[in-house]
Amino acid sequence: MEYDFKKIEAKCQQQWEEKEIYKVSNLSDKPKYYVLDMFPYPSGAGLHVGHPLGYIASDIYSRYKRLKGFNVLHPMGFDSFGLPAEQYAIETGQHPATTTQHNIATFKAQLNKIGFCYDWSREVRTSNPSYYKWTQWIFLQLYESYFCNTQQKARPIADLIKKYETKGCSKFTAAEWNAFSKKEQEDILMKRRLAFSAYGEVNWCEALGTVLANDEVINGVSERGGHPVEKKKMRQWYLRITAYADRLLQGLDTVNFSDAMKEMQRNWIGKSEGAEMDFHIKDRQETIKVYTTRPDTIFGVDFLVLAPEHSLVSHITTHAQRQSIDEYLHYVKSRSDRERMAEVKQITGCFTGAYALNPFDGKQIPIWIAEYVLSGYGTGAIMAVPCGDQRDFSFARHFNITITNIIGSHYNGQEANATKDAVLENSGFLNGLIMKDAIAVAINKIEEMGIGRRKVNYRMRDAGFSRQRYWGEPFPIIWSDGIALPLDAKELPLELPFVEKYGPGPEGEGPLANIPEWTAKHLETSTMPGYAGSSWYFLRYMDPHNAETFCDRKASDYWNQVDVYIGGTEHAVGHLLYSRMWTKLLYDLNLIGFDEPFKKLVNQGMITGKSFFFQVDEKGSIISYQKENSSAAEFIRFKYGHQFVDANGILRKSVVDKNGLQLPKSIKWNKDEEGEYVVTKEEAEKMSKSKFNVDNPDDIVDKYGADTFRMYEMFLGPVEMSKPWDTKGIEGVHRFLRKLWRLFFDEIKGKLWNQDAASAEELKVLHKTIKKIDSDTENFSFNTAVSAFMIAVNELADLKCHKKEILENILILLAPFAPHIAEELWQQLANEGSILNATYPGYNEKYLIEATKEYPISINGKMRTTISMATDAAQPEVEKQVLQNEIVQKWLEGKQPKKIIFVKGKMVNVVI
RNA sequence: GCCCAUGUGGCGGAAUUGGUAGACGCAGCAGACUCAAAAUCUGCCGUUCGCAAGGGCGUGAAGGUUCGAUUCCUUUCGUGGGCACCA
């Protein structure tokens with residue numbers, strides 16, 4: 001009998017489906033385990049070989065936990081709202097709902113071929129009204145809540161209203177509150193709501209009449225069409241995630257994420273401690289509030305810099321500087337935040353003509369504006385200390401501003417020195433203090449003088465939560481005289497209406513603004529962003545069909561946190577912070593019983609695709625790629641090049657002719673004995689449809705089977721690492737499965753297995769393998785597990801072992817990795833039931849004990865020979881044996897060793 | 001620019017806490033079986049000097065700590081990812 005993977009895989013998948021073997025119950029006396037994948041966005045390109053990497057890992061882990069006796073929840077769904085579907089709709093006129101449904105069907109078919117153990121009865125789709133009903137409902141909870149600073153948690157806004165009505169607050173009395181108009185009251189409340197509306201800047205493209213994602217803006221112009229893009233203020237919705245900044249930071253200590261991941265989130269939140277301080281402006285009433293983490297450097301301030309968007313800019317600009325400032329503001333409008341931060345070498349700025357006064361010594365300080373100061377961070381104004389900050393230094397140099405040195409010899413005049421250890425000079429009352437001690441002294445003085453205060457600042461900003469788009473959740477909000485009125489929960493879902501046109505509405509509003517029935521009801525015309533639905537989907541899987549609530553409390557209490565969450569690092573900050581915040585909100589409102597969604601996070605690396613590029617010469621012809629002078633050369637993408645270029649990056653003319661390829665340019669062929677060719681440039685890039693470098697898993701599954709595909713993706717390398725896709729090694733994995741098969745079947749003799757008792761040697765192979773596979777699987781080290789399987793099968797083949805006692809345990813170990821072949825052989829061995837419900841074998845240390853060890857012997861740290869010695873030998877005995885050794889004596893040349901280092905069970909080092 | 005990750009044979013990668021660098025697999029070379037091919041099996045396979053025995057050099061680069069460094073520290077270069085409206 002041969003290994004006919006096609007037949008086996010089809011048969012097993014059918015059996016499993018018939019028996020509903022992946023169906024998971026919320027009622028079980030087994031301990032629960034929740035393994036979750038980041039659900040995919042179902043793009044039109046279908047699944048590529050990069051997608052399944054994490055899915056295979058989580059599938060292996062889920063099956064492993066099941067064999068270990070857990071009730072495992074391992075669901076899958078689709079993040080099906082988003083921009084690409086809408087873009088596709090604009091281009092082709094097909095409704096996003098149609099294309100999305102089609103794409104999901106493709107994805108599911110592809111996923112099923114790989115043999116994942118999803119319980120599809122729990123599938124969620126964020127674009128289904130039955131799902132986004134609850135996304136809208138949670139939005140209403142956010143809208144109806146505020147963050148209580150005393151209790152550090154969300155509370156119903158009704159509590160706040162009651163407080164205002166009865167006690168007032170520091171800004172107004174209860175009587176004043178009650179006298180406010182409805183609009184005034186709502187405006188005040190809006191400043192506290194966790195979902196709130198305010199004005200914010202967006203990338204506005206006049207020519208396209210729409211708002212663009214940062215992604216769609218390249219070098220200040222739109223990606224499509226290359227039209228100019230500028231900043232525009234528009235009413236937006238936001239989530240007050242900054243309120244949760246501290247809890248998001250603290251929560252990191254309670255979860256098992258990688259240090260790198262925690263670091264990224266901490267940096268994103270960007271908590272810093274410092275002071276806010278007011279500077280008086282010469283001859284004017286206004287003051288400029290700056291935020292600084294280094295109040296100790298106050299006497300080194302040589303100028304102030306305002307963000308160009310700062311509200312005071314137009315007030316303080318002098319007549320003489322007016323024109324220059326206007327020109328500069330015009331220039332800045334075309335620049336993205338990213339460009340403003342990235343291009344630090346290009347120093348730009350403009351003097352306003354105004355001066356501020358140093359609050360301590362009254363020194364006049366010129367006020368500039370510059371794009372390197374961002375309006376969204378701190379107060380949008382900084383005090384520049386050129387001797388201590390490199391950007392300030394470069395700026396001062398560039399514009400010939402005098403630099404005050406307050407750190408003596410620590411400043412060399414060539415570059416800034418951000419030290420905190422210098423002793424302050426030229427610093428008034430701070431003279432003689434070490435900088436890090438002076439910080440507190442300075443803040444105390446500032447507070448004492450009433451010109452500022454201690455301030456904790458966050459880099460994180462509130463999250464923009466509206467999009468001027470169609471394919472997203474509509475906001476359950478009606479506008480009435482500038483007041484946002486929430487819909488009643490009973491009216492949900494507020495369904496997305498059908499539209500004819502997906503183009504933008506008037507004034508950059510979303511497509512919903514084009515629908516008279518929508519605008520007649522004064523409904524909000526923007527929609528929620530992609531991350532809305534994905535911020536809470538892990539809860540819906542627990543209770544996916546509940547029409548009464550987003551997730552029954554019993555279900556969320558049983559499944560609780562996601563035990564392992566697997567996904568890419570590209571979601572490190574965005575999605576993970578948002579879902580952590582939503583979880584905290586639901587927890588605060590006592591709707592769920594935990595305030596961190598993900599107990600453990602595993603980041604899978606990306607499988608990069610291979611892209612190929614043609615080098616083009618001055619005349620516009622394709623030439624062979626040359627490493628030299630290629631930096632200045634021009635390259636054009638060779639679409640789908642990975643399908644035609646050989647392992648050395650060579651494209652043959654014969655291949656071009658055979659496949660009827662149309663090349664974008666004329667080509668100058670090189671010639672060798674095999675014919676005409678051209679060398680292309682290879683680059684590893686993210687796999688994506690737009691890069692034309694996508695490989696499809698279906699082809700691999702058809703050719704080698706799902707089991708081979710699964711094991712090969714794992715064998716490529718550690719799950720967390722990025723790696724280029726290459727099918728070179730897949731034969732090896734396939735050969736391994738065939739070799740395993742041959743332990744059970746022989747083409748001539750047929751069944752090979754027997755009931756004989758296993759030998760000590762065979763038991764040693766088995767138990768060594770159990771130990772290794774068990775710990776590697778537990779640690780997500782799947783690549784080394786695959787190699788351990790290969791070693792085990794090689795050794796059992798060498799031992800000609802066909803004993804059921806050994807083989808059936810190997811099958812259980814293998815079942816998570818290659819479920820189909822394991823199931824088939826399990827049944828062939830005449831075992832009862834499915835292998836999916838087998839019990840994971842334990843290993844017994846007694847089979848692994850060795851009496852002797854082959855010790856490596858080093859001379860001065862270099863390995864020279866090995867000596868076999870008893871495992872329990874002590875140092876004196878070891879030294880004796882080592883010194884008797886011929887090779888050691890040769891290196892000693894008759895001398896006595898200075899020292900002999902012996903590490904039991906490890907090695908011996910003779911130091912001469 | 002900032003933040004994070006990463007760099008080991010021709011290739012993917014392995015190496016529990018600092019202790020035999022290159023497991024396992026691919027590719028390659030030589031051989032067995034075969035009329036032949038496929039499949040399968042056996043051996044070799046970092047580099048360099050050497051007939052060999054045996055040695056030198058080797059984990060991006062340069063330093064350092066240590067009896068001993070792929071692993072720890074400092075500096076530096078390359079590559080990939082993220083940077084708030086792609087998801």
Side-chain angles (χ1 to χ4, degrees), chain A residues 38 40-41 43 79 81-84 87 202-203 211-217 236 241 258-261 263-264 266-268 270 337-345 372 376 391 459-469 529-531 534 568-575 577 603 605-606 608 647 683-686 688 690 712 715-718 720-724 726-733 735-736 738-739 742 747 775 779 783-784 786-791 794 797 854-858 860-866 890 898-901 903 905-912:
Chain A
M38 289 185 185
Y41 175 81
S43 78
D79 190 10
F81 268 139
L83 203 50
Q87 197 54 45
V202 293
N203 299 313
V211 175
L212 298 175
N214 280 345
D215 228 44
E216 300 173 297
V217 183
Q236 302 287 335
I241 192 169
S258 70
D259 289 342
M261 176 63 48
E263 193 60 23
M264 274 191 261
R266 285 196 189 104
N267 287 331
W268 181 266
D337 278 10
R338 180 105 41 105
E339 289 168 328
R340 285 169 60 172
M341 284 185 293
E343 293 168 20
V344 290
K345 277 177 197 145
Y372 79 91
R391 279 186 307 186
R459 199 177 74 94
M460 180 167 70
R461 306 200 289 264
D462 284 326
F465 196 65
S466 47
R467 303 289 183 262
Q468 281 63 49
R469 301 287 178 180
Y531 66 80
S534 60
T569 34
E570 63 268 29
H571 301 284
V573 281
H575 161 64
L577 281 175
N603 288 115
M606 205 178 332
T608 51
E683 246 172 59
E685 282 187 310
K686 200 166 173 170
S688 102
S690 63
Y712 180 58
F715 190 54
L716 276 177
E720 319 85 54
M721 295 294 165
S722 287
K723 53 224 150 205
D726 205 321
T727 50
K728 264 195 230 156
I730 199 162
E731 289 285 350
V733 174
R735 275 202 276 267
F736 153 75
R738 286 211 304 262
K739 192 164 183 177
R742 288 200 305 274
E747 275 161 49
S775 73
N779 296 319
N783 56 325
T784 52
V786 175
S787 97
F789 278 123
M790 289 173 170
I791 292 168
N794 286 344
E854 194 74 4
Y855 273 96
I857 312 299
S858 297
N860 288 336
K862 261 199 164 320
M863 214 279 286
R864 295 299 178 184
T865 186
T866 57
K890 192 191 92 184
K898 279 191 194 134
K899 208 190 316 183
I900 295 177
I901 291 158
V903 182
K906 290 273 186 210
M907 45 65 72
V908 180
N909 188 15
V910 182
V911 185
I912 302 175

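Note on naming: letters A, B, ... go to the chains in the order of the sequence lines (proteins, then strands), and numbering restarts at 1 for each one.
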Remember a base hit wins even if backbone is also touched, and classify [X] as base, sugar-phosphate or nothing at under 4.0 Å, heavy atoms.
| X | result |
| --- | --- |
| A:Q87 | nothing |
| A:E720 | nothing |
| A:S466 | base |
| A:G82 | sugar-phosphate |

Please name the pair of heavy atoms, one in [X] and one in [Y], separated by the smallest distance, quoted to 0.1 Å.
| X | Y | value |
| --- | --- | --- |
| A:I901 | A:V911 | CD1-CG2, 4.3 Å |
| A:R469 | A:V211 | NH2-O, 2.9 Å |
| A:A463 | A:Y531 | CB-OH, 3.4 Å |
| A:D79 | A:Y41 | O-CD1, 3.0 Å |
| A:P856 | A:M863 | CB-CG, 4.0 Å |
| A:G464 | A:P529 | O-CG, 4.3 Å |

Could you tell me the separation between the [atom1] atom of [X] and the [atom2] atom of [N], rounded to a whole number of Å?
| X | N | atom1 | atom2 | answer |
| --- | --- | --- | --- | --- |
| A:Y531 | B:C83 | OH | C1' | 15 Å |
| A:I791 | B:G22 | CD1 | P | 14 Å |
| A:M863 | B:G56 | CE | C1' | 16 Å |
| A:F789 | B:A23 | CZ | C1' | 17 Å |
| A:M264 | B:C3 | CE | P | 13 Å |
| A:H575 | B:A87 | NE2 | C1' | 10 Å |
| A:N603 | B:G82 | CG | P | 13 Å |

Roughly how far, to the nearest 0.5 Å, is [atom2] of [Y] from [atom1] of [X]?
| X | Y | atom1 | atom2 | result |
| --- | --- | --- | --- | --- |
| A:F715 | A:T784 | CZ | OG1 | 10.0 Å |
| A:F736 | A:I791 | CZ | CD1 | 10.5 Å |
| A:M721 | A:N783 | CE | CG | 9.5 Å |
| A:R461 | A:I241 | CZ | CD1 | 12.5 Å |
| A:R742 | A:R735 | CZ | CZ | 10.5 Å |
| A:N603 | A:E720 | CG | CD | 8.5 Å |

Pairs under 3.5 angstrom, nitrogen or oxygen only, protein versus nucleotides 51-55 of chain B, please.
none

Using the [atom1] atom on both, measure [N] against [M] and round to a whole Å.
| N | M | atom1 | answer |
| --- | --- | --- | --- |
| B:C29 | B:A39 | P | 15 Å |
| B:C57 | B:G25 | P | 31 Å |
| B:G22 | B:U59 | P | 14 Å |
| B:G7 | B:G54 | P | 34 Å |
| B:G78 | B:A84 | C1' | 29 Å |
| B:A36 | B:G43 | C1' | 24 Å |
| B:A32 | B:U71 | C1' | 43 Å |
| B:G28 | B:G19 | C1' | 33 Å |

Answer yes or no: are there more than 12 heavy-atom neighbours, outside A:D259 itself, under 6.0 Å from its atom CG?
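Not more than 12 within 6.0 Å, no.
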Given that both distances must come in under 3.5 Å, which nucleotide forms a Watson-Crick or G-U wobble pair with [N]?
| N | answer |
| --- | --- |
| B:A87 | none |
| B:U79 | B:A5 |
| B:C29 | B:G43 |
| B:C72 | B:G64 |

Under 4.0 Å between a side-chain N/O of A:N267 and OP1 or OP2 of B:G82, yes or no?
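Checking A:N267 against B:G82: no side-chain N or O falls below 4.0 Å of OP1 or OP2.
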Would you indicate, yes or no, if B:A84 has its OP1 or OP2 atom less than 4.0 angstrom from a side-chain nitrogen or oxygen of A:R461?
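Looking at the OP1 and OP2 atoms of B:A84, neither is under 4.0 Å from any side-chain N or O of A:R461.
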Which atoms of nucleotides 38-40 of chain B (N or O only) lie under 3.5 Å from a protein N or O atom, and what are those distances?
unit_1 : atom_1 : unit_2 : atom_2 : d
B:A39  : O3'    : A:R738 : NH2    : 3.3
B:U40  : OP1    : A:R738 : NH2    : 2.9
B:U40  : O3'    : A:R742 : NH2    : 3.2

Starting at the 5' end of RNA chain B and moving along, which residue's nearest nucleotide shows up first, A:S858 or A:V786?
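Going by which nucleotide is closer to the 5' end, it is A:S858.
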Assign each of A:G732 and A:M261 to its nearest nucleotide of RNA chain B by heavy atoms, then name whichever residue's nucleotide is nearer the 5' end.
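Checking each residue's closest nucleotide, the 5'-ward one belongs to A:M261.
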Does A:R459 form a side chain to side chain contact (heavy atoms under 4.5 Å, CB included) with A:N267? I'd like the steps, not just the answer.
CA-CA 8 Å; A:R459 199 177 74 94; A:N267 287 331; 5.6 Å; no
Within the 3.5 Å criterion, strictly below it, is a donor on A:N909 or A:K899 matched to an acceptor on the partner's side chain?
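On atom types as modelled, these side chains do not qualify, holding no pair under 3.5 Å.
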Indicate yes or no for a side-chain donor-acceptor contact from A:S258 to the backbone of A:M261 under 3.5 Å, with no hydrogens or angles considered.
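The answer is yes, because a donor-acceptor pair under 3.5 Å joins these two groups.
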In B:G9, glycosidic geometry as syn within 90° of 0 or anti otherwise:
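Syn.
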Taking atom types as they are modelled, is there a donor-acceptor pair under 3.5 Å from the base of B:C85 to the side chain of A:Q468?
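Under the 3.5 Å cut-off, the side chain and the base do form a donor-acceptor pair.
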Residue A:V211, side-chain atoms from C-beta onward, closest of B:C86, B:C85, B:A84:
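Among B:C86, B:C85, B:A84, the one nearest the side chain of A:V211 is B:C85.
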Which of the following nucleotides, B:C83, B:A5, B:C24, is nearest to the side chain of A:A260?
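Shortest atom-to-atom distance from the side chain points to B:A5.
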Could you go over nucleotides 69-79 of chain B and give all protein N or O partners under 3.5 Å, atom names and distances?
none

Quick one: what's the B/S/- string for nucleotides 10-17 of chain B, heavy-atom cutoff under 4.0 Å, read 5' to 3'?
-SBSS--B
Pairs under 3.5 Å (N/O, protein and nucleotides 66-68 of chain B):
unit_1 : atom_1 : unit_2 : atom_2 : d
B:C67  : O2'    : A:N909 : ND2    : 3.4
B:C67  : O2     : A:N909 : ND2    : 2.5

Run A:W268 and A:M460 through side chain to side chain contact (heavy atoms under 4.5 Å, CB included) and show every step you take.
CA-CA 6 Å; A:W268 181 266; A:M460 180 167 70; 4.1 Å; yes
Taking side-chain hydrogen bond (donor to acceptor under 3.5 Å, both in side chains) as the test, write out the residues that go with A:S534, two or more places apart.
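Residues passing side-chain hydrogen bond (donor to acceptor under 3.5 Å, both in side chains) with A:S534: none at all.
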